[in-house]
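When reading the values below, keep in mind they use all heavy atoms of this one structure, side chains included, and skip hydrogens, waters and symmetry mates. Quick note on labels: first sequence line is chain A, next is B, and so on, each numbered from 1.
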Amino acid sequence: MTDKPGLLTVEGICKSFIGFKALDGVDFTVRSGEIHALLGENGAGKSTLIKVLTGVHQPDSGVIKIDGQAVNVRDTQHAQNLGIGTVYQEVNLLPNMSVADNLFIGRQPMRFGFVNRKLMEERARELLAQYDLHLDVASDLSRYSVAVQQLVAIARAVDMSGRVLVLDEPTASLDRHETEILFAILRQLRARGLGIVFITHFLDQVYEICDRVTILRNGKLAGCALTAELPKIELVSLMLGRTLAIATHNTRRDRPVPAIRQFSFKGLGRSRSIAPFDLDIGEGEVIGMAGLLGSGRTETAKILFGIETADTGHVHIDGNPALIRTPQAAVACGFGLCPEDRKSDGIIGDLSVRENISLALQAQRGWFNRLSGREQTVLADKFVKALDIRTTDIEKPVKFLSGGNQQKVILARWLATNPRFLILDEPTRGIDVGAHAEIIALINRLCDDGMALLVISSEIEEIVAYSTRVVVLRDRAHRGELSGDEITASNILGMIAAEPEGASA
Amino acid sequence: MNTRVLPLYATLLICIIAYAACVFQFPAMFSTRVAGNLLTDNAFLGIAAVGMTFVILSGGIDLSVGSVIAFTGVLLAVLITRYGVHPLIAFAIALLITTVFGAGMGAIIHYLEVPAFIVTLAGMFLARGLCFVMTTDSIPIDHEFYAMLQGLFYRLPGGGRLTFIGLLMMVVFIIGIVMAHFSKFGSYVYAVGGNRTSAELMGVPVARTTIGIYAMSGFLSGLAGIVFSLYTSAGYSLAAVGVELDTIAAVVIGGTLLTGGVGYVAGTFIGVIIQGIIQTYIVFDGTLSSWWTKIVVGVLLFSFIALQRILVFLSLKRTTATSGG
């Protein structure tokens, strides 16, 4: 890897946040004239690495070098001066101002102490013409599509820095055609000698445009290779890891397939979110949902639970049609959902364990039928015992509990409502190995008790351990289903990595 | 067409219709005398409203305006009548104090990350309290320089008077318009109001801008205080109570979004004039209580906020429609 000198090199970067190591000795090199993919699942450390590169965070240890010179990136402004331009995931521009303002704010051409709008707009037109973009630069940015805004952000970043361009999931909100335009521009910039860091979770795009790829997992470097020399299946296994060994033998797979599946979802879908899919689930089944980040896993959960309304399709429960357009309706039908990001969507950190557990049941009973303090205590005590939630007492604010115990509190909240169908989105993320095994044992127990479960997970081995069926997602669509003896880690990986044209099982 | 300008046009239309309706009922209102008085009577309100426009454009609020006007009035009265300071020097002292006062509030808002509402609320009590510390009486100002400034006017055709303070308000508005649209500072104000985080990531000096905005509002409140003292020839601790709310009303009626980032200084001028027209109408009518001004302003505010919400909603809908297609 020494044929070309690195334009931007980081060596042994470590960065910890309170009680959590986000980056652990990561090395990373971008060369001039290459597009370098940075891959990893949620929480792998991609964003933290980018924030260290662009001066938002200061690394705890490690060196950042530009052209072989060690530098200390103080802040975003300094990063720009060093030649590192960033386009963040959510386009960080000012939709209330004109296109020209957005391109030149802070460095407008001046005349007699006033902004020379005419010159500024002329320059903006010239700048955008390089990207074959012909806009009315005097009109508000908000009038243009997200794709155009993204291109404007890139034009600004390149114009201001012009050496390294960092793109954080630039294609997440673009359609196929818009992505093509973006790629054409990236190729053009690569030819100009820029080093481009490209973060995405669309693997096809990695193979389409990137020269090299670096993979992070759990804050560590999992691999770095030339894209052409790395088969897709290997890439996926590097991203997802195959480290978790669970001894529990899955016995339920031998059971006969239930004759009636009580929950039936037909043709549910939402444009720009997830392609229409069918899903049937019966009591005593665990459906594992596998796929990479952004493949439509969470979107599926949100549609099932009524957080996002489906454009198409219909739902039948026990053979009767049901309309689920709000989470309240879903709860009324006996659904429960443990969301992916428990910190922002799940627990309420300042409330006690007792209050967090009784929340969903209270919501189900309505505002005027208050759960008394004693009822709440009884409820909380029961679940603290049943799920082995480790807390000194039930009045402790949930934020002081460990990740695994917080997860159990959310589970308890939904179990208290006695759901018939429970959706778990990444129930084992960010919790330690011991708690991991407990959650899996709990999933098995709930299933044996006759609950229907849908579990979304990035951990393939884990899915293999508890699922009676596995649905595999790719590119915002359900691509296939595995059942019985077909459920193996390599089969799942194979389906995730399959070519888009290729037949999926 | 740009939907952002729509509230401005709506305000202008309402202003013209209101004036036409008044003239229809009281033809005497169609004269340069009334126009001149409109400017003179609302000079202090207009000057303070220019500062408020910048504050609201940046997504903030300044509740200290009315108190600062009263503070300036009392300070001038005390300096001129008790200590015999020349009015020009007193003006300079007052403007310096109010500007530093505003800058201080801006610094607290930015560095301590306290909501502007709270900081300027504290500023409001502080400035009003300082008035009472200086004096609880109403002090008349009797100085030949004041008399000279008060007698200064340009006679309009038709007998109307464009007074010094009326003219001063126009000048402040023109400077405000130029600053908003043709200076770096102006673009930073819109940027901070549009999205503070984005502005910071794009290299806008947010700290300097925030402090500058509140310093400017402080300065203009001080200037409004000077104009108010010229207008009333007195300093009184209980003067200009609630003027901050009148200026906020003028800014919002003028089409500036309370959430920041969108609006025009020129719109605020129309907002001030609309309030003036309503007051003039009440004077002409003679039977109506002056509280009708408040009622009409209240109704206008409601309708403008509703109009803005509808426009924002429609433009959001349109963007999703175009991006979806």
Honestly, the part of Asn102(A) sitting under 4.5 Å from a heavy atom of chain B is both
dist Phe114(A):CZ -> Met179(B):CE (nearest 0.5 Å) comes out at 9.5 Å
Output for pair (Leu103(A) CG, Met202(B) CE), nearest 0.5 Å, gives 8.0 Å
Check: Between Asn96(A) and Ala191(B), is there a donor-acceptor pair closer than 3.5 Å when you use the side chain of the first and the backbone of the second?
Finding: no
Nearest heavy-atom approach of Ser187(B) to Gln108(A) is OG-NE2, 2.7 Å
| message | Can you confirm whether more than 12 heavy atoms, excluding those of Arg111(A), are under 6.0 Å from its CZ atom? | response | no
**Q.** Phe173(B) atom CZ, over 12 foreign heavy atoms within 6.0 Å
**A.** yes
Practice item. Evaluate the side chain to side chain contact (heavy atoms under 4.5 Å, CB included) criterion for residues Ile105(A) and Tyr188(B): first the C-alpha distance (whole Å), next the side-chain angles of each, then the deciding distance (0.1 Å), finally the verdict. Key: CA-CA 8 Å; Ile105(A) 193 161; Tyr188(B) 294 159; 4.0 Å; yes
Q.
Take a 6.0 Å sphere around CE of Met170(B) and say whether it holds more than 12 heavy atoms from other residues, nucleotides or ligands.
A. no
Taking every heavy atom of Ala199(B) against every heavy atom of Leu94(A), the minimum-distance pair comes out as N-CD2, 4.2 Å
